[in-house]
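For clarity, every value in this text was computed on a predicted model and none was experimentally measured. All heavy atoms count here, side chains included; hydrogens, waters and symmetry mates do not.
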Amino acid sequence: MAVPSFGVGTFRLTGDVVIESVSNAIELGYRAIDTAQIYQNESDIGKALKRADINRSDLYITTKVWVDNYERDKLIQSVKESITKLGVEYLDLVLIHWPAPTSNVAIEEYLLALAEAKRLGLTKEIGVSNFTIELIDKAVDILGAENIATNQIELSPYLQNNKLVDHMKTLGIKVTSYMTLAYGSVLNDSTINDLASELQITPAQLTLAWALHKGYAVIPSSTKRENLASNLQALKIVLDEKTVQLIDNLERDGRLVNPEGLAPEWDI
């Protein structure tokens with residue numbers, strides 16, 4: 001199954017907040033749910049999944065392996081623990097969360113362990129997150145491009161990662177955009193607001209529609225049911241090339257996520 005174009009993110013959401021967010025999302029029609037071991041909300045999401053009246057086969061659940069679990073045996077065990085916490089029999093997609101250049105575990109070890117998790121039936125697909133062109137090429141050498149479902153990267157109108165995106169397209173690897181709204185800062189952008197007003201849609205809908213237009217998967221999060229519902233309407237919005245170009249012009253290398261010891265040397 002291909003990575004769904006639209007999912008709900010759960011970064012920074014825990015406890016009753018994430019249970020309510022995921023429950024609302026599923027009721028509204030979301031079928032893809034994105035989490036990570038480090039979010040410490042897999043068990044809470046599991047409660048929401050148990051509450052939902054929906055077949056497991058209709059859901060697409062993604063988690064990301066944290067850097068402490070990159071050794072082969074730890075990685076496999078951690079994926080099994082994620083499955084248990086989420087209360088499911090398998091995962092649809094498991095990603096390496098950060099390349100973590102200061103880690104003592106070689107890229108070959110954790111990527112081959114990830115491939116083993118797939119062979120064991122723990123996950124249907126595997127992929128990476130926050131990988132650069134150089135790292136993607138290494139991953140392709142180790143796994144083959146056909147075995148990398150996506151690279152989940154920070155991508156917004158302010159940080160478009162065009163070189164990396166173009167390279168991924170040549171390899172046939174799906175782009176998943178996180179921070180598509182740049183922590184909400186693009187919602188206050190005058191260009192975004194003017195265009196959204198002309199189209200009679202919200203700035204968030206416009207920005208998400210822009211990313212979808214480019215073929216990216218998006219995983220916006222919200223604690224408010226009305227925002228979850230509104231965001232989902234971006235799937236129905238068709239943008240013309242002039243509008244897309246005006247948003248493209250907002251590029252400013254506006255990276256917001258760059259954790260020391262985890263982040264690679266970014267592509268310029």
Side-chain angles (χ1 to χ4, degrees), residues 1-3 11 34-40 42 60-86 88 90-155 161-178 216-217 219 255 257-268:
M1 181 180 179
V3 178
F11 177 52
D34 181 272
T35 184
Q37 294 171 353
I38 196 63
Y39 297 174
Q40 297 184 331
E42 290 175 321
Y60 192 96
I61 302 173
T62 300
T63 198
K64 298 178 277 289
V65 178
W66 189 241
V67 295
D68 293 345
N69 298 321
Y70 282 2
E71 294 176 22
R72 177 188 171 278
D73 292 342
K74 285 185 178 180
L75 189 147
I76 298 294
Q77 184 58 35
S78 77
V79 174
K80 290 179 179 178
E81 290 171 1
S82 291
I83 288 171
T84 299
K85 289 176 180 177
L86 287 159
V88 294
Y90 64 91
L91 292 159
D92 295 279
L93 177 63
V94 177
L95 307 177
I96 292 297
H97 202 154
W98 284 95
T102 60
S103 169
N104 293 323
V105 184
I107 185 172
E108 290 83 2
E109 180 173 349
Y110 63 69
L111 287 181
L112 290 174
L114 195 63
E116 184 177 353
K118 181 179 178 180
R119 283 196 300 272
L120 291 171
L122 302 177
T123 181
K124 292 185 176 296
E125 301 291 345
I126 58 175
V128 295
S129 183
N130 298 300
F131 271 40
T132 60
I133 291 173
E134 180 183 3
L135 290 167
I136 280 289
D137 285 344
K138 287 183 179 179
V140 167
D141 287 343
I142 296 165
L143 298 174
E146 70 279 7
N147 294 312
I148 303 171
T150 191
N151 181 22
Q152 190 177 118
I153 56 175
E154 182 184 349
L155 192 152
N161 264 311
N162 288 314
K163 287 184 179 179
L164 174 58
V165 166
D166 289 345
H167 189 64
M168 288 170 58
K169 285 180 179 178
T170 65
L171 295 169
I173 297 173
K174 180 85 171 183
V175 175
T176 299
S177 162
Y178 73 82
Y216 310 152
I219 45 173
R255 186 175 300 282
V257 183
N258 191 27
E260 186 176 353
L262 298 176
E265 185 175 337
W266 301 111
D267 299 305
I268 298 174

Could you go step by step and tell me if E71 and E109 meet the side chain to side chain contact (heavy atoms under 4.5 Å, CB included) rule?
CA-CA 7 Å; E71 294 176 22; E109 180 173 349; 3.9 Å; yes
Taking side chain as C-beta onward, heavy atoms only, is V140 less than 4.5 Å from I173?
yes
Check step by step if side chain to side chain contact (heavy atoms under 4.5 Å, CB included) holds for K64 and Q37.
CA-CA 6 Å; K64 298 178 277 289; Q37 294 171 353; over 6 Å; no
Is there a side-chain contact between V175 and N151 (heavy atoms, below 4.5 Å)?
no
So which heavy atom on L114 is nearest to which on G127, and how close?
CD2-O, 3.4 Å
Tell me if a side-chain donor or acceptor on T176 pairs with a main-chain N or O of T150 at a distance below 3.5 Å.
no
More than 12 heavy atoms of other residues, nucleotides or ligands under 6.0 Å from CG of N104: yes or no?
no
Please check this pair: side chain of T84 against backbone of K80, looking for a donor-acceptor N/O pair closer than 3.5 Å.
yes
Of I126, L75, V128, the one forming a side chain to side chain contact (heavy atoms under 4.5 Å, CB included) with L111 is V128
I'd like to know if the side chain of Y178 pairs up with that of N130 as donor and acceptor (distance under 3.5 Å, no hydrogens or angles considered).
yes
Are side-chain heavy atoms of V65 and Y70 found at a separation under 4.5 Å?
yes
Measure the spacing between CG of L95 and CG of D34 and express it to the nearest 0.5 Å.
7.0 Å
Might you point out which heavy atoms bring P99 and P264 nearest each other, and give the distance in Å?
CG-CD, 3.7 Å
Within a strict 4.5 Å, meaning less than it, do heavy atoms of the W66 and L262 side chains meet?
yes
Whether over 12 other heavy atoms sit under 6.0 Å from K169 NZ
yes
Under a 3.5 Å distance rule, please check whether S129 uses its side chain to pair with a backbone N or O of Q152 as donor and acceptor.
yes
Take Q77 and K74 through the side chain to side chain contact (heavy atoms under 4.5 Å, CB included) test and state the conclusion after the steps.
CA-CA 5 Å; Q77 184 58 35; K74 285 185 178 180; 5.8 Å; no
Which heavy atom of I76 sits nearest to which heavy atom of A117, and what is that distance?
CD1-N, 3.6 Å
Chi angles and distances behind the side chain to side chain contact (heavy atoms under 4.5 Å, CB included) call for V105, R72
CA-CA 9 Å; V105 184; R72 177 188 171 278; over 6 Å; no
If you look at every heavy atom in S82 and L91, which pair is closest and at what distance?
CB-CD1, 4.4 Å
Using a 3.5 Å distance criterion without hydrogens, assess whether the side chain of T35 forms a donor-acceptor pair with backbone atoms of T63.
no
Test item: side-chain donor near acceptor, N161 and W266, under 3.5 Å:
no
State, to 0.1 Å, how close G261 and T102 come at their nearest heavy-atom pair, and which atoms those are.
O-OG1, 2.9 Å
Just so I know, are the side chains of M168 and L164 near enough to count as touching, which here means a heavy-atom distance under 4.5 Å?
yes
Evaluate the side-chain proximity of V3 to Y60: yes if any heavy-atom separation is below 4.5 Å, no if none is.
yes
With a 4.5 Å cut-off on side-chain heavy atoms, are I107 and F131 touching?
yes
Cation over ring, K174 on Y216, under 6.0 Å and within 45°?
no
Counting C-beta onward and ignoring hydrogens, is there a side-chain heavy-atom pair between Y110 and N69 closer than 4.5 Å?
no
Assess whether side-chain hydrogen bond (donor to acceptor under 3.5 Å, both in side chains) is satisfied between D267 and H167, documenting all intermediate values.
CA-CA 11 Å; D267 299 305; H167 189 64; over 6 Å; no
Can you tell me how far CG of L143 sits from NZ of K138, rounded to the nearest 0.5 angstrom?
13.5 Å
I need the K124 NZ to I61 CD1 distance, nearest 0.5 Å.
11.5 Å
Hey, is the main chain of K85 close enough, under 3.5 Å, to the side chain of E42 for a donor-acceptor pair?
no
Return yes if some donor-acceptor pair links the side-chain N/O of E154 with the main-chain N/O of V257 below 3.5 Å, else return no.
yes
Take atom CD in E265; do more than 12 heavy atoms of anything else shown fall under 6.0 Å from it?
no
In terms of ring plane angle, is the pair Y39 and H97 parallel, tilted or perpendicular, where the classes change at 30° and 60°?
perpendicular
